[in-house]
Amino acid sequence: QVQLVESGGGLVQAGGSLSLSCAASGRTFSNSARAWFRQAPGKEREFVASISWRGDNTYYADSVRGRFTISRDYGKNTVYLQMASLKPEDTAVYYCAAPAQSGGYYSLSPRGYDYWGQGTQVTVSS
């Protein structure tokens with residue numbers, strides 16, 4: 001059974017930093033892209049960042065580019081999201097995702113991913 005488990009969320013003041021982790025079990029995703037999405041109350045789930053299966057390409061939403069960094073550890077089957085200069089509008093439940101497809105496949109849409117974590121709450125106070 002494939003599981004993605006996020007950790008690291010919490011409450012932080014505006015301008016602060018948080019680091020999220022997403023550990024995978026049940027299969028290796030070393031040949032697959034990995035991604036982070038977020039969903040604020042009353043809003044649709046939106047793309048935050050993704051990293052290619054080789055780790056040599058990263059993609060970011062305009063709203064987080066320059067403040068967030070996605071990375072991965074193949075040995076730990078884990079993907080990370082380092083968040084800096086946090087803003088109140090970053091408040092959301094953050095989800096990690098992985099596709100069933102391997103290789104160069106990636107997507108900016110939630111529909112492009114087959115496996116999801118349970119989510120971790122990030123709250124940024126002003």
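Note that these values count all heavy atoms, side chains included, but never hydrogens, waters or copies made by symmetry.
- The shortest side-chain heavy-atom distance between Met83 and Val122 falls under the 4.5 Å cut-off.
- Annotation for Ala40 and Ala92: closest pair N-CB, 3.8 Å, computed over non-hydrogen atoms.
- Screening residues 108-121 for salt bridge (charged side-chain N to carboxylate O under 4.0 Å, His left out) gives no qualifying pairs among residues at least two apart or on separate chains.
- Taken from CH2 in Trp36 to CD1 in Ile51, the straight-line distance is 12.0 Å, to the nearest 0.5 Å.
- Of the options Tyr106, Phe37, Phe47, a ring pair (Phe, Tyr, Trp, His ring centres under 6.0 Å) to Tyr113 is made by Phe37 and by none of the others.
- Separation of atoms OG (Ser32) and CD (Gln101) is listed at 9.0 Å; rounding is to 0.5 Å.
- The minimum heavy-atom distance between Pro110 and Trp116, with the atom names listed, is O-CZ2, 3.3 Å.
- No path of Ile, Leu, Val, Met, Phe, Trp and Tyr side chains, each step under 4.5 Å between heavy atoms, connects Leu18 with Tyr95, placing them in separate hydrophobic clusters.
- The CD atom of Glu46 sits 5.5 Å away from atom OG of Ser63, with the distance rounded to the nearest 0.5 Å.
- Cluster annotation: Val93 is not connected to Phe68 through the hydrophobic network of ILVMFWY side chains, with a link wherever side-chain heavy atoms come within less than 4.5 Å.
- Nearest heavy atom pair, residue Ser85 against residue Ser17, reads N-OG, 4.4 Å.
- Expressed to the nearest 0.5 Å, how far SG of Cys96 lies from CD1 of Ile70 amounts to 9.5 Å.
- Salt bridge present: Asp62 and Arg65 bring a charged side-chain N and a carboxylate O closer than 4.0 Å.
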- Could you please spell out the steps behind the side-chain contact (heavy atoms from CB on, under 4.5 Å) verdict for Val79 and Leu81? CA-CA 7 Å; Val79 65; Leu81 186 68; over 6 Å; no
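- Atoms SG and CD, from Cys22 and Glu6 in turn, are 5.0 Å apart once rounded to the nearest 0.5 Å.
- Residues Gln121 and Thr91 form a side-chain contact, since some pair of their non-hydrogen atoms from C-beta on lies under 4.5 Å apart.
- Closest non-hydrogen pair, Tyr60 versus Ala49, comes out as CD2-CB, 3.6 Å.
- With 3.5 Å as the limit, one finds a donor-acceptor pair spanning the side chains of Thr28 and Ser30.
- Qualifying ring-ring contact (aromatic ring centres under 6.0 Å, His included) partners for Phe29, counting only residues two or more places apart in sequence or in other chains: Tyr115.
- Atom CZ of residue Arg38 and atom CD of residue Glu89 lie 8.0 Å apart, to the nearest 0.5 angstrom.
- Tracing side-chain contacts under 4.5 Å through hydrophobic residues (I, L, V, M, F, W, Y), one never reaches Leu4 starting from Tyr94; they form parts of separate clusters.
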- Could you walk me through whether Arg72 and Thr78 pass the side-chain contact (heavy atoms from CB on, under 4.5 Å) test, one step at a time? CA-CA 6 Å; Arg72 62 191 301 169; Thr78 297; over 6 Å; no
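- For the side-chain contact (heavy atoms from CB on, under 4.5 Å) test, residues two or more places apart in sequence or in another chain that qualify with Ser25 are Gln3.
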- Where do Leu20 and Gln82 land on the side-chain contact (heavy atoms from CB on, under 4.5 Å) test, with the steps shown first? CA-CA 6 Å; Leu20 306 182; Gln82 293 180 292; over 6 Å; no
